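See structure below.
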Amino acid sequence: MLAELFAVMAPVLAGAGLGFTWIRLGHPYPVDFVTRLVFNIGTPALVIASLSEAEIDAGSFGRTMLATALVIVAMAAATVLVARVLRRDWRVLLAPMMYPNTGNMGLPVVLYAFGSAGFVYGITVMVTVSLFQFTLGTMLASRGNPLKSLAKTPTVYAILIALSLLLTDTALPLWLANSVDLISGFTVPLMLITLGVSLASIQVKNLKSGIGFSLLRIPVAALLAWGIGHLLALPPMGHSILVLQMSMPVAVFNYLFAQKARREPEYVASLVFCSTLLSLFYLPILLAILM
């Protein structure tokens with residue numbers, strides 16, 4: 001079992017470690033360019049490549065999206081209690097509570113732990129979290145129009161295309177399928193490298209508070225995901241992946257949103273760093289339970 005768990009975590013550590021070391025050695029890394037590349041091209045290609053050929057029925061897909069949305073809403077409600085315990089402004093903790101790192105950390109872990117059969121569930125959870133984060137999250141950070149943000153998100157259109165292919169049992173032309181598969185291949189490695197770069201670039205000043213938040217958030221997220229997944233009768237693999245994905249550390253994007261909204265970005269940086277650090281210890285335990 002230990003060998004299997006190490007096989008799952010090793011690629012994640014290697015990719016993130018490469019990005020972290022690259023920055024610490026003083027080399028430049030175009031974070032803005034890579035982020036745009038991953039979210040505007042890589043992720044949509046990954047969604048189409050994964051969902052269009054996925055062996056998942058529409059009912060399971062829909063229930064997984066609904067379960068993820070309900071967990072996010074439940075985590076938002078739990079923010080009030082966590083904020084009281086930590087004596088922090090609930091508006092600062094709201095995004096870190098709601099949005100785990102289901103992308104550049106969650107997807108690789110799901111892929112290496114559950115293979116291609118489980119990857120589609122990981123994509124489904126990630127897509128749902130992203131829809132919330134880039135609409136509601138953008139609105140809370142800038143008070144802009146969430147519909148406008150949604151309309152400019154290529155992943156949304158990729159979801160619609162993939163769903164239409166999935167529901168109509170239609171296959172992409174071979175030349176297009178091969179092209180999409182090739183482009184999607186760079187997404188997960190770049191996600192991991194960028195994660196390491198982001199962690200190396202964040203200045204952390206409040207480790208104790210960050211660890212305290214993580215120790216509260218992780219069990220709350222896992223229990224809510226387990227309960228909601230059980231209530232909606234998710235397939236066993238989908239249920240496990242929902243729990244795993246929603247228990248991921250705080251997404252790096254929460255730090256960027258906190259900077260934009262000027263809501264204690266240094267504190268949010270500590271939440272990102274500490275939760276990611278702790279994940280190296282609790283994810284193997286969680287995987288041992290779920291796999």
Side-chain angles (χ1 to χ4, degrees), residues 11-20 22-23 28-54 65 68 99-116 118-135 137-138 149-166 172-201 241 245 248-249 251-257 272 276:
V12 177
L13 296 174
L18 178 61
F20 188 92
W22 185 264
I23 292 299
Y29 187 87
V31 175
D32 290 339
F33 168 73
V34 174
T35 300
R36 289 175 182 269
L37 184 67
V38 167
F39 278 93
N40 294 326
I41 298 177
T43 300
L46 187 63
V47 168
I48 293 175
S50 301
L51 291 184
S52 61
E53 299 180 358
M65 288 197 76
T68 305
Y99 309 127
N101 194 342
T102 56
N104 54 2
M105 187 160 190
L107 287 183
V109 172
V110 169
L111 176 62
Y112 295 119
F114 295 93
S116 57
F119 194 60
V120 62
Y121 289 104
I123 285 281
T124 304
V125 175
M126 184 273 291
V127 162
T128 308
V129 172
S130 297
L131 288 176
F132 270 84
Q133 188 171 26
F134 288 101
T135 53
T138 299
S149 175
L150 191 65
K152 292 183 178 180
T153 305
T155 302
V156 174
Y157 301 104
I159 295 169
L160 296 177
I161 293 171
L163 281 178
S164 63
L165 294 173
L166 181 65
L172 290 173
L174 184 60
W175 66 269
L176 183 56
N178 288 341
S179 300
V180 170
D181 187 60
L182 175 66
I183 294 172
S184 68
F186 70 70
T187 308
V188 171
L190 281 183
M191 282 180 170
L192 286 174
I193 293 172
T194 306
L195 172 63
V197 169
S198 299
L199 292 176
S201 304
I241 290 172
Q245 280 281 62
M248 285 293 156
V252 178
F253 266 101
N254 292 311
Y255 168 64
L256 303 179
F257 279 124
V272 174
T276 304

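In this chain, residues are counted from 1 in sequence order. It should be emphasised that the depicted structure is a prediction, and the values quoted were computed from it without experimental measurement.
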Report task. Compare all side-chain heavy atoms of T102 with those of T68 and state whether any distance is below 4.5 angstrom. Result -> no
Query raised in the report: Minimum heavy-atom separation for P28 to W22, with atom names?
Result: O-NE1, 2.9 Å
Report task. Could you tell me whether the side chain of T276 reaches within less than 4.5 Å of the side chain of N101, counting heavy atoms only? Result -> no
Report task. May I ask you to test the I23-Y29 pair for a side-chain heavy-atom distance under 4.5 Å? Result -> yes
**Report entry** Residue pair I183 / A45: nearest heavy atoms and the distance that separates them
**Finding:** CG2-CB, 3.9 Å
Report summary line: When I123, T124, V125 are each screened for side chain to side chain contact (heavy atoms under 4.5 Å, CB included) with V127, the one that passes is I123
Query raised in the report: Can you tell me how far OG of S179 sits from CG of L172, rounded to the nearest 0.5 angstrom?
Result: 10.0 Å
Report task. Check M105 against P249 and note the closest heavy-atom contact, atom names and distance. Result -> SD-CG, 3.6 Å
**Report entry** Atom pair CG/CG of L165 and L160 - distance to nearest 0.5 Å
**Finding:** 11.0 Å
**Report entry** Side chain proximity check, M126 to T43, heavy atoms < 4.5 angstrom
**Finding:** yes
Report summary line: d(I41 CD1, L46 CG) to nearest 0.5 Å is 13.5 Å
Report task. Return the minimal non-hydrogen interatomic distance between G122 and Q245, and the atom names on each side. Result -> O-NE2, 3.1 Å
Query - With sequence neighbours excluded, residues passing side chain to side chain contact (heavy atoms under 4.5 Å, CB included) with L111 - result: F119
**Report entry** side chain to side chain contact (heavy atoms under 4.5 Å, CB included) against P173, all qualifying residues, sequence neighbours excluded
**Finding:** W175, L176
Report task. Can you sort out the partners of T187 under side-chain hydrogen bond (donor to acceptor under 3.5 Å, both in side chains), two or more places apart, ordered by chain and number? Result -> none
Query raised in the report: Which residues pass the side chain to side chain contact (heavy atoms under 4.5 Å, CB included) test with A16, sequence neighbours left out?
Result: L195
Query raised in the report: For L18, which residues count as a side chain to side chain contact (heavy atoms under 4.5 Å, CB included) partner, sequence neighbours excluded?
Result: I193
